[in-house]
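Residues take their numbers from the sequence shown, with the count starting at 1.
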Amino acid sequence: MQTQPGSSTEQLPTYTKSQLALRNGQDRDEIWVAYQGLIYDVSRSRLWQRGNHYEHWAGQDLTRELDEDAPHNANVFDKFSVIGRLG
C-alpha cells in the first residue's frame, strides 16, 4: 500500500460509495476500486484500462468478491496508491 509521504490512512479523505462509483473508468479518467475500507487508484494499470478486470468492475467495493474467489491475495494492491477511505 502506497500513501503520500508523511500521511497515514486516518488522514486520507473519505469517499462515499456514490463518489467511488463515478470513478469507474467510463465517464472520467480516474479508475478506483475499494478493498477492505481503502480506495486504490488503479488508473495506471493496463489490466484496468477499460474499467474492468475480468469479472470485476471499477468504481466498486471489491472486498467480498476478492476475499471469496480471487486467484491472488491482497498484496496485489501494494503497487497502487491509496487515495482515500470508503465511508
Residues two or more places apart in sequence or in another chain: which of them pass side-chain hydrogen bond (donor to acceptor under 3.5 Å, both in side chains) with Tyr35?
Asp67
Going from OH on Tyr54 to CG on Leu47, what distance comes out if it is rounded to the nearest 0.5 angstrom?
6.5 Å
Minimum heavy-atom separation for Leu86 to Ala34, with atom names?
CD2-CB, 3.9 Å
I want to check something: taking the side chain as every heavy atom from C-beta on, are Leu66 and His56 in contact at a cut-off of under 4.5 Å?
yes
Could you report the tightest heavy-atom contact between Ala58 and Val33, atom names first, then the distance?
CA-CG1, 3.8 Å
For Trp57, enumerate each residue passing the side-chain contact (heavy atoms from CB on, under 4.5 Å) test, keeping only those at least two apart in sequence or located in another chain.
Asn52, Gln60
Just jot down the side-chain contact (heavy atoms from CB on, under 4.5 Å) partners of Thr16, sequence neighbours excluded, or say none.
Ser18, Gln19
Once salt bridge (Lys or Arg N to Asp or Glu O under 4.0 Å) is applied, what residue pairs with a partner in residues 49-63 remain, sequence neighbours excluded?
none
Applying ring-ring contact (aromatic ring centres under 6.0 Å, His included), name anything that partners His53, two or more places apart in sequence or on another chain.
Trp48
Any non-hydrogen side-chain atom of Tyr40 less than 4.5 Å from a side-chain atom of Val82?
yes
Answer yes or no: are there more than 12 heavy-atom neighbours, outside Asn75 itself, under 6.0 Å from its atom CG?
yes
Minimum-distance pair of heavy atoms, taken over all atoms of Gly25 and Ile31:
CA-CG1, 3.6 Å
Which residue in the set Leu38, Ile39, Leu12 passes side-chain contact (heavy atoms from CB on, under 4.5 Å) when paired with Ile83?
Ile39
Salt bridge (Lys or Arg N to Asp or Glu O under 4.0 Å) involving Glu65 - partner list, sequence neighbours excluded
none
Between Gln49 (side chain) and Ser43 (backbone), is there a donor-acceptor pair under 3.5 Å?
yes
